[in-house]
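Throughout, residue positions are numbered sequentially from 1 according to the sequence presented. As the structure lists them, so they are numbered: ligands from 1, and atoms in each ligand from 1.
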Amino acid sequence: MGMFCYQCQETARGQGCTVRGVCGKEEPVANLQDALMALLKGISVYRLAARGLPAEAPDADVDRFLLEGLFTTITNVNFDPETMLALVRRAYALREALREWLARAGALPERLPLEATFKPEADTLEGWLAVSRSVGLLEPAALPAEVRSLRHLIQFGLKGMAAYADHALVLGYRDEAVMTFIQEALAAITDDSLTAEDLMAWVQRTGEMGVRTMALLDRANTATYGHPEPTEVYLGVKPGPGILVSGHDLRDLHELLEQTKGKGINIYTHGEMLPAHAYPALKKYEHLVGNYGGAWWQQGEQFEKFNGPILMTTNCLIPPRPSYIGRLFTTGVVSWPGVPHIPDRLGEAPKDFSPIIEKALQCPSPQPLESGTLPIGYAHESVLSRASQIIEAIKAGAIKRFVVMAGCDGRMRSREYYTEVAKALPADTIILTAGCAKYRYNKLGLGTLGGLPRVLDAGQCNDSYSLVVIAMKLAEALGAQSINDLPIAYDIAWYEQKAVIVLLALLSLGVKRIRLGPTLPAFLAPGIVEALVKTFDLRPIQSVEEDVASIVAGR
Ligand code: FSO
Ligand code: SF4
């Protein structure tokens with residue numbers, strides 16, 4: 001029956017995965033994800049209709065379910081058909097309960113799109129797989145290319161937004177405006193009466209809400225763990241058993257640190273967990289010893305050498321090798337068939353990480369991969385506390401330019417472009433980074449400028465928000481009319497859907513001349529690319545030489 005997915009940068013042939021995902025996602029999971037996405041849209045249609053009615057609609061936890069459902073469908077999160085089927089069934093039950101409740105209240109919405117009404121012939125795996133194609137990304141087949149493209153741009157941006165909102169919610173922070181927006185936007189992209197022009201306005205709103213969501217997560221992280229401080233992170237290993245923690249969920253790491261205190265186990269971060277070392281409430285744990293390895297796509301070889309258990313708290317998980325699958329654990333929305341899953345918290349009680357701890361105690365020390373340290377912790381608070389020093393350096397001409405090189409890393413060889421750009425930028429340039437894109441240039445030893453590392457690492461991909469705050473404050477201090485008048489260039493690398501919301505957030509703030517690579521999204525129709533180029537001067541990356549020359553010239 002095949003599948004169709006083109007939501008990430010590594011999609012097959014730059015067009016779409018139709019047999020199996022390049023990411024390792026198999027056809028049944030891809031199709032169940034389509035069914036789940038459609039059900040989440042249907043739930044949103046009903047949820048919006050129930051708002052404002054005097055009595056409470058069933059299941060008040062529907063908002064959280066929507067966030068987790070969207071997050072689950074992001075690239076490299078969930079590869080398990082069983083958990084996907086369970087989610088589809090829960091979504092279906094929820095949608096039907098809402099529909100019946102509205103029918104009884106005499107308040108069914110007039111417009112009922114397919115997403116609000118479709119059902120399988122039988123509530124079995126086969127039944128759901130059969131019906132999934134009718135609501136997949138290629139449907140409705142007659143949709144104009146631009147409309148389809150914009151619907152998908154919004155849909156993929158919403159996935160990233162939901163992931164960030166979910167991280168904030170885990171820490172007890174929620175913003176009703178974000179929750180409502182996600183439902184409104186999910187409902188809007190089922191509405192056949194909306195034109196490309198209407199949807200462009202939804203893209204703008206999605207970006208604006210993306211900024212708001214990243215600000216919410218920034219508040220959640222910094223209020224819970226303190227403001228990141230400049231920190232040198234150890235890249236080697238220490239004798240003794242270790243646990244490697246990957247993904248973005250700081251609360252999982254925190255609870256694991258608490259539960260491993262005094263047990264002789266060293267905790268290492270991996271990938272997007274690196275920024276954890278800069279948070280005061282996390283760096284205080286002496287057994288949080290260092291960061292192990294590089295970006296997500298290198299995990300096969302590196303997890304093999306780690307020797308101990310590995311916990312995946314969020315994306316990016318790649319198909320595990322037999323050499324370490326027996327010491328891999330997942331939690332939260334991540335899942336791989338047969339890999340033990342640490343269940344969710346019950347209320348405020350922490351997760352129980354004892355299976356990982358027991359495993360660690362049976363394992364030898366990790367093999368070293370690297371040595372030395374890496375400077376991190378340059379989020380808005382720590383950079384802006386040095387604002388006067390930076391402004392003086394700009395005015396004296398010591399710092400000529402900033403280049404925002406945020407986003408994601410990936411497997412493609414063409415991403416060497418980012419390493420080469422970082423090397424070729426003149427020594428009076430500072431690179432502002434966030435997200436796993438940094439692994440392409442954060443260990444090049446590019447030195448310091450004006451007392452700051454030339455690669456200023458603000459944190460995880462969501463901390464791109466920090467880069468925006470820094471740019472806005474600099475604009476204010478330098479008396480610039482807009483952030484486009486600052487000596488800042490944007491050279492963004494994307495891979496999955498969190499990067500889509502980061503991009504939409506930047507565009508909604510009016511940031512112009514963003515370079516995007518290594519390739520443009522397959523889901524952007526030619527007409528939409530044209531519109532983005534015209535409105536925002538968005539540019540596909542060119543050669544290293546051309547781009548560095550134009551960055552240096554301020555073009
Ligand atoms: Fe990277 Fe993966 Fe953070 Fe993403 S580890 S690619 S954009 O999940 O979310 O930067
Ligand atoms: Fe293909 Fe990316 Fe979709 Fe995976 S997430 S199936 S690699 S487009």
Below 4.0 Å from ligand 1: does a non-hydrogen atom of Gln460 turn up there or not?
no
Which ligand 2 atoms, with their elements, are less than 4.0 angstrom from a heavy-atom of Lys25?
3 (Fe), 6 (S)
Selected option - heavy-atom contact closest to atom 5 (S) of ligand 2, from Thr73, Val29, Thr75:
Thr75
Under a plain distance cut-off of 3.5 Å, with no hydrogens placed, do His380 and Asp218 share a side-chain donor-acceptor pair?
yes
Among side-chain atoms of Thr75 and Gln497, is any donor-acceptor pair under 3.5 angstrom?
yes
Looking at atom 3 (Fe) of ligand 2, is there an N, O or S atom belonging to Cys5 that lies under 2.8 Å away from it?
yes
Per-atom contacts of ligand 2 with Cys23, taking only distances under 4.0 Å to non-hydrogen atoms
4 (Fe), 5 (S), 6 (S), 7 (S)
If you measure only the distance, is there a donor-acceptor pair under 3.5 Å linking the side chains of Thr519 and Gln9?
yes
Check each of Glu272, Gln299, Gln497 against atom 10 (O) of ligand 1 and report the one with the nearest heavy atom.
Glu272
Subset of ligand 2 atoms that lie under 4.0 Å from at least one heavy atom of Tyr6:
8 (S)
Check whether any N, O or S atom of Cys8, backbone or side chain, sits closer than 2.8 Å to atom 1 (Fe) of ligand 2.
no
Say whether His341 and Thr330, considering side chains only, have a donor N or O and an acceptor N or O under 3.5 Å apart.
yes
In terms of atom number and element, which parts of ligand 1 are under 4.0 angstrom from non-hydrogen atoms of Cys436?
1 (Fe), 5 (S), 6 (S), 10 (O)
Quick one: does ligand 2 sit under 4.0 Å from the side chain of Gln7, the backbone, both or neither, non-hydrogen atoms only?
both
Looking only at side-chain N and O atoms, does Asp409 offer a donor or acceptor that is under 3.5 Å from a partner on Trp297?
yes
What atoms in ligand 2 come closer than 4.0 Å to a heavy atom of Thr11?
8 (S)
Compute the shortest N/O to N/O distance between Asn315 and ligand 1 and return yes if it is under 3.5 Å, no if not.
yes
Do Gln299 and Arg321 pair up side chain to side chain, a donor and an acceptor below 3.5 Å, judged on atom types alone?
no
Give a yes-or-no answer on whether the side chains of Tyr378 and Ser466 include a donor-acceptor pair shorter than 3.5 Å.
no
Is it true that Glu420 and Lys423 have a side-chain N and a carboxylate O under 4.0 angstrom from each other?
yes
Going by atom types alone, do His277 and Thr269 pair a side-chain donor with an acceptor below 3.5 Å?
yes
A student comparing Glu496, His270, Lys498 should find that the heavy atom closest to atom 8 (O) of ligand 1 comes from Glu496
Can you sort out which atoms of ligand 2 are near Cys17, meaning under 4.0 Å from one of its heavy atoms?
1 (Fe), 6 (S), 7 (S), 8 (S)
Could you tell me the residue and atom name of the protein heavy atom closest to atom 6 (S) of ligand 2, and the distance to it rounded to 0.1 Å?
Gly21 CA, 3.4 Å
Starting from atom 2 (Fe) of ligand 1, find the nearest protein heavy-atom neighbour and note its residue, name and distance.
Cys316 SG, 2.1 Å
Polar side chain donor-acceptor pair, Asp547 to Tyr417, under 3.5 angstrom:
yes
